[in-house]
Amino acid sequence: PEMSDPKMREAISLITNLGDIAIAMKPEMLGLMSILGVNLSLKYGNTIVSPISYVMWGVISNLAFHDYLSGYALGQLSLKLNREKFPSDLIFAKLYAFYGWNINHFKHHTKEDMEIAIKGYGIAMANNDLVYSMYFIVMLLKVSFNIGLSLDEVIEYGRKVQLFVDRYKTIFATLIGNSTMMTALALQGKTDNPLSLNCAGYNEEEYLKEFSNYGQSTVYFYLRKFQL
């Protein structure tokens with residue numbers, strides 16, 4: 001059924017908007033935001049933003065509980081509900097970002113994530129959604145590294161991220177993407193030494209000191225350092 005109570009509709013809209021903030025600033029809040037949204041939808045009915053809560057709970061099912069079948073099912077449910085019941089390209093881009101970053105590759109080859117990122121980026125940009133366009137362009141960089149494209153191709157995706165940041169001032173894209181691009185440069189021997197990301201214009205200690213409160217970017221930094 002569709003949610004009819006206007007107060008509950010406002011409540012779930014607020015919850016899903018807070019989920020967007022939680023991703024970047026307080027990822028540990030994502031579970032709370034998603035379960036609140038799912039509970040409201042199950043109790044009062046679905047709205048156009050309910051699929052966001054379902055896909056967020058799918059992410060939690062994967063990453064926190066390692067229940068990949070349930071996570072995938074929730075991801076698929078959110079996409080189907082969006083397309084068949086509450087069509088909205090703006091919402092679809094958000095769902096596709098959650099799905100592509102955190103669900104698809106637990107069921108399908110990660111190469112498919114490139115197709116998701118390309119399609120999602122186009123839809124998000126067409127709807128002037130710079131936040132989720134940012135997630136998709138950084139996803140292209142991440143996936144290009146993970147699937148083993150040439151280092152030159154990875155660095156080119158990194159440059160595209162930087163161009164996006166320069167144009168739209170979305171610094172969070174730099175925080176997530178920098179470590180991957182710098183790792184590619186290190187593997188090419190273009191940093192101070194093979195185990196360092198330091199080079200002209202980038203200093204590891206200064207980066208960690210300035211952005212230590214951004215959990216996601218710090219995780220990617222240490223992941224890439226471990227891979228080196």
Side-chain angles (χ1 to χ4, degrees), residues 12 15-43 46 49-83 91-120 131-132 134-136 138-149 154 172-173 175-177 179-180 183 211-228:
I12 193 170
I15 287 168
T16 52
N17 285 331
L18 288 174
D20 284 350
I21 298 171
I23 298 169
M25 303 301 297
K26 206 74 171 174
E28 59 269 28
M29 293 295 292
L30 190 61
L32 175 61
M33 296 297 102
S34 61
I35 198 62
L36 286 174
V38 168
N39 283 344
L40 286 177
S41 297
L42 292 176
K43 185 173 182 178
N46 291 308
V49 298
S50 292
I52 298 175
S53 294
Y54 292 132
V55 77
M56 287 196 300
W57 189 244
V59 173
I60 298 301
S61 296
N62 275 359
L63 303 185
F65 301 110
H66 308 297
D67 185 353
Y68 305 114
L69 292 178
S70 293
Y72 181 76
L74 285 161
Q76 288 291 307
L77 170 66
S78 71
L79 295 173
K80 184 176 181 180
L81 194 60
N82 169 264
R83 281 319 197 197
I91 299 297
F92 179 79
K94 298 177 188 291
L95 302 176
Y96 221 33
F98 278 107
Y99 181 81
W101 269 89
N102 303 288
I103 293 176
N104 182 69
H105 44 266
F106 288 102
K107 180 76 171 179
H108 303 290
H109 197 288
T110 193
K111 287 181 180 179
E112 292 187 13
D113 291 348
M114 289 292 286
E115 299 171 13
I116 290 173
I118 292 169
K119 179 179 178 180
V131 172
Y132 281 86
M134 174 198 70
Y135 285 124
F136 284 118
V138 175
M139 183 178 167
L140 282 168
L141 171 59
K142 181 197 75 163
V143 177
S144 70
F145 184 87
N146 290 347
I147 65 177
L149 294 188
V154 174
F172 190 63
L175 300 185
I176 303 176
S179 298
T180 299
T183 300
F211 301 114
S212 60
N213 291 329
Y214 292 82
Q216 223 174 343
S217 57
T218 305
V219 167
Y220 273 97
F221 172 84
Y222 284 114
L223 173 63
R224 297 310 184 207
K225 286 286 290 183
F226 177 78
Q227 289 171 325
L228 279 179

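Only heavy atoms go into these numbers, but all of them, side chains included; no hydrogens, no water, no symmetry mates.
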From CG (Leu141) to OG (Ser179), nearest 0.5 Å:
10.0 Å
Say you draw a straight line from CE of Met114 to CE of Met139; how long is it, rounded to the nearest 0.5 Å?
9.0 Å
Measuring from atom CD1 of Ile91 to atom OG of Ser78, what distance do you get when rounded to the nearest 0.5 angstrom?
11.0 Å
Between Ser41 and Ile12, is any pair of side-chain heavy atoms under 4.5 Å apart?
yes
With rounding to the nearest 0.5 Å, note down the distance linking CG in Leu140 to CD1 in Ile116.
11.0 Å
Would you please classify the geometry between the Trp101 ring and the Tyr135 ring as parallel, tilted or perpendicular, with 30° and 60° separating the classes?
perpendicular
Heavy-atom check, side chain of Ser61 versus side chain of Leu74, under 4.5 Å:
yes
Spacing of CD1 belonging to Ile103 relative to CG belonging to Leu63, to within rounding of 0.5 Å:
8.5 Å
Below 4.5 Å, heavy atoms only, C-beta onward: do Lys119 and Phe92 meet side chain to side chain?
yes
Taking atom types as modelled, find out whether Asn62 and Asn102 have a side-chain donor-acceptor pair closer than 3.5 angstrom.
no
Residue pair Ile60 / Ser34: nearest heavy atoms and the distance that separates them:
CG1-OG, 3.9 Å
Is there side-chain contact between Phe106 and Asp67, with heavy atoms separated by less than 4.5 Å?
no
Close side-chain approach of Thr218 to Phe211, heavy-atom, < 4.5 Å:
no
Identify the heavy atoms of Met56 and Leu30 that sit nearest to each other, and give their distance.
SD-CD1, 3.3 Å
Check Tyr99, Tyr72, Tyr68 against His108 for a ring pair (Phe, Tyr, Trp, His ring centres under 6.0 Å) and give me the one that passes.
Tyr72
How about NZ on Lys107, more than 12 heavy atoms from neighbouring residues, nucleotides or ligands closer than 6.0 Å, or not?
no
To the nearest 0.5 Å, how far apart are CG in Asn46 and CG in Leu40?
11.0 Å
Could you please spell out the steps behind the side chain to side chain contact (heavy atoms under 4.5 Å, CB included) verdict for Ile52 and Leu95?
CA-CA 6 Å; Ile52 298 175; Leu95 302 176; 3.9 Å; yes
With heavy-atom distances below 4.5 Å as the criterion, would you say the side chains of Leu18 and Met29 are in contact?
no
Does the side chain to side chain contact (heavy atoms under 4.5 Å, CB included) test come out yes or no for Tyr132 and Phe98, once each step is laid out?
CA-CA 10 Å; Tyr132 281 86; Phe98 278 107; 3.7 Å; yes
Considering all heavy atoms, the nearest His105-Lys142 contact
CE1-NZ, 4.5 Å
Tell me the closest heavy-atom pair linking Met134 and Ala173, and the distance in Å.
CG-CB, 3.3 Å
